[in-house]
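In what follows, a single structure is set out as C-alpha cells and then discussed.
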Amino acid sequence: MKNMKTNHETQQKYYHLWTDKSHISRTTEHYLTGFRLIQYSNPNPEYHYKDLPEVINSEFAILPPSWESDFHPTPSPQWVITLSGRWRTTTKDGVCVTYQPGDVHFGGDLPLKGVPLNQQGHKALNPSSKESTKVLILSVNTPLSIPESQFCP
C-alpha cells in the first residue's frame with residue numbers, strides 16, 4: 001500500500017445534524033475534504049479519507065414502510081449511510097432533508113440535560129411503502145464543531 005498525494009478536489013458531502021446554543025436542532029451541509037490517493041493494487045489508486053472520529057460500534061437499521069418517530073435526540077454521535085430506500089429528518093428549525101442511497105448524515109444533536117427528550121432533537125420518517133436500510137457508525141465524538149458564524153438565523 002502506497003500513500004500518494006492529497007486531492008483537494010475530491011470530497012464527500014454529508015449533512016450534519018446538530019443543536020445550537022438555544023437548543024434548536026439544525027441540519028447543515030458540509031463536505032469531507034483531504035482525501036488521499038492510496039495504491040492498494042496496480043495500476044489504479046483510489047481516494048481514501050481516514051480522519052474520521054474513533055468508531056465505538058456499528059450496526060444496521062431498517063425502517064419499516066411508513067415508519068415515523070417523535071422528536072428525539074441522536075443517542076450518541078453517529079454517521080448514518082443510507083443503503084436502500086428513502087428516509088427523512090426534520091429538525092426543530094423546520095428544515096427537512098430526505099436521504100437516498102449513498103447519502104451520508106452525521107447525527108450530532110445529542111441529548112440535552114433538563115430538556116424532555118420529546119422536546120429536543122429531530123423527527124425521522126420513512127415516507128415510502130418500502131423498507132429503508134441504513135448503516136450506523138457510532139463514534140466517540142463529532143467530526144467538527146460548528147462555529148457560531150454558521151448558526152442559522
Side-chain angles (χ1 to χ4, degrees), residues 7-36 38 40 46-153:
N7 182 319
H8 297 287
E9 295 175 15
T10 300
Q11 56 187 7
Q12 170 64 51
K13 179 172 73 171
Y14 72 96
Y15 296 92
H16 191 164
L17 190 61
W18 54 283
T19 303
D20 69 15
K21 290 182 179 181
S22 300
H23 302 162
I24 303 296
S25 60
R26 303 186 180 280
T27 301
T28 49
E29 190 176 294
H30 293 275
Y31 290 86
L32 293 174
T33 59
F35 283 78
R36 298 185 67 79
I38 297 178
Y40 283 113
E46 54 192 62
Y47 292 104
H48 286 252
Y49 182 87
K50 293 187 173 192
D51 295 329
L52 295 171
E54 181 182 346
V55 172
I56 56 173
N57 196 13
S58 59
E59 56 191 65
F60 288 90
I62 298 176
L63 302 179
S66 304
W67 176 89
E68 186 172 359
S69 76
D70 291 329
F71 274 98
H72 64 284
T74 301
S76 65
Q78 58 188 313
W79 292 96
V80 181
I81 303 164
T82 306
L83 300 177
S84 66
R86 294 181 306 135
W87 67 288
R88 179 170 54 220
T89 58
T90 303
T91 48
K92 287 287 192 174
D93 65 355
V95 171
C96 183
V97 177
T98 299
Y99 303 94
Q100 313 238 9
D103 286 342
V104 179
H105 157 98
F106 186 85
D109 61 331
L110 305 175
L112 302 167
K113 292 181 181 176
V115 180
L117 290 178
N118 65 352
Q119 294 179 16
Q120 56 180 303
H122 62 281
K123 290 177 89 172
L125 164 73
N126 175 357
S128 174
S129 61
K130 298 180 180 178
E131 292 179 336
S132 176
T133 303
K134 311 177 290 184
V135 63
L136 286 64
I137 304 168
L138 288 62
S139 64
V140 171
N141 55 21
T142 60
L144 55 96
S145 57
I146 304 293
E148 279 191 58
S149 63
Q150 290 188 10
F151 285 174
C152 298

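FYI, the numbering just counts along the sequence from 1. Here the structure is a predicted model, which means the values were calculated and not measured. Basis for what follows: all heavy atoms, side chains included, without hydrogens, waters or symmetry-related copies.
Put simply, the side chain of Ser25 never gets that close to the backbone of Thr91: no donor and acceptor are under 3.5 Å apart. In this structure a side-chain-to-backbone donor-acceptor pair under 3.5 Å is present from Ser69 to Ala124. Listed for the Gln11 side chain is no donor-acceptor partner under 3.5 Å among the backbone atoms of Tyr31. When atom types are taken as modelled, the side chain of Asp109 and the backbone of Leu17 share no donor-acceptor pair closer than 3.5 angstrom.
Residues in residues 52-66 take part in no side chain to side chain donor-acceptor pair (under 3.5 Å) pair, two or more places apart or across chains.
The two residues Thr90 and Phe71 have their closest heavy-atom pair at O-CE2, 3.7 Å. When all heavy atoms of Trp87 and Leu63 are compared, the pair lying nearest together is CB-CD1, 3.7 Å. Of all the heavy atoms in Asn126 and Pro64, the pair that sits closest is ND2-O, 3.0 Å.
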side-chain contact (heavy atoms from CB on, under 4.5 Å) between Val104 and Phe106, worked out | CA-CA 7 Å; Val104 179; Phe106 186 85; over 6 Å; no
Going through the distances and angles, do Gln120 and His23 end up as a side-chain contact (heavy atoms from CB on, under 4.5 Å)?
-> CA-CA 7 Å; Gln120 56 180 303; His23 302 162; over 6 Å; no
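Side-chain atoms of Trp79 and Ser139 form no donor-acceptor pair, as typed in the model, at a separation below 3.5 Å.
Taking the side chain as every heavy atom from C-beta outward, His122 and Lys92 never approach each other to under 4.5 Å.
Aromatic ring centres of His30 and Tyr14: separated by under 6.0 Å.
Applying the salt bridge (Lys or Arg N to Asp or Glu O under 4.0 Å) test to Lys130 and every residue at least two apart in sequence or in another chain returns nothing.
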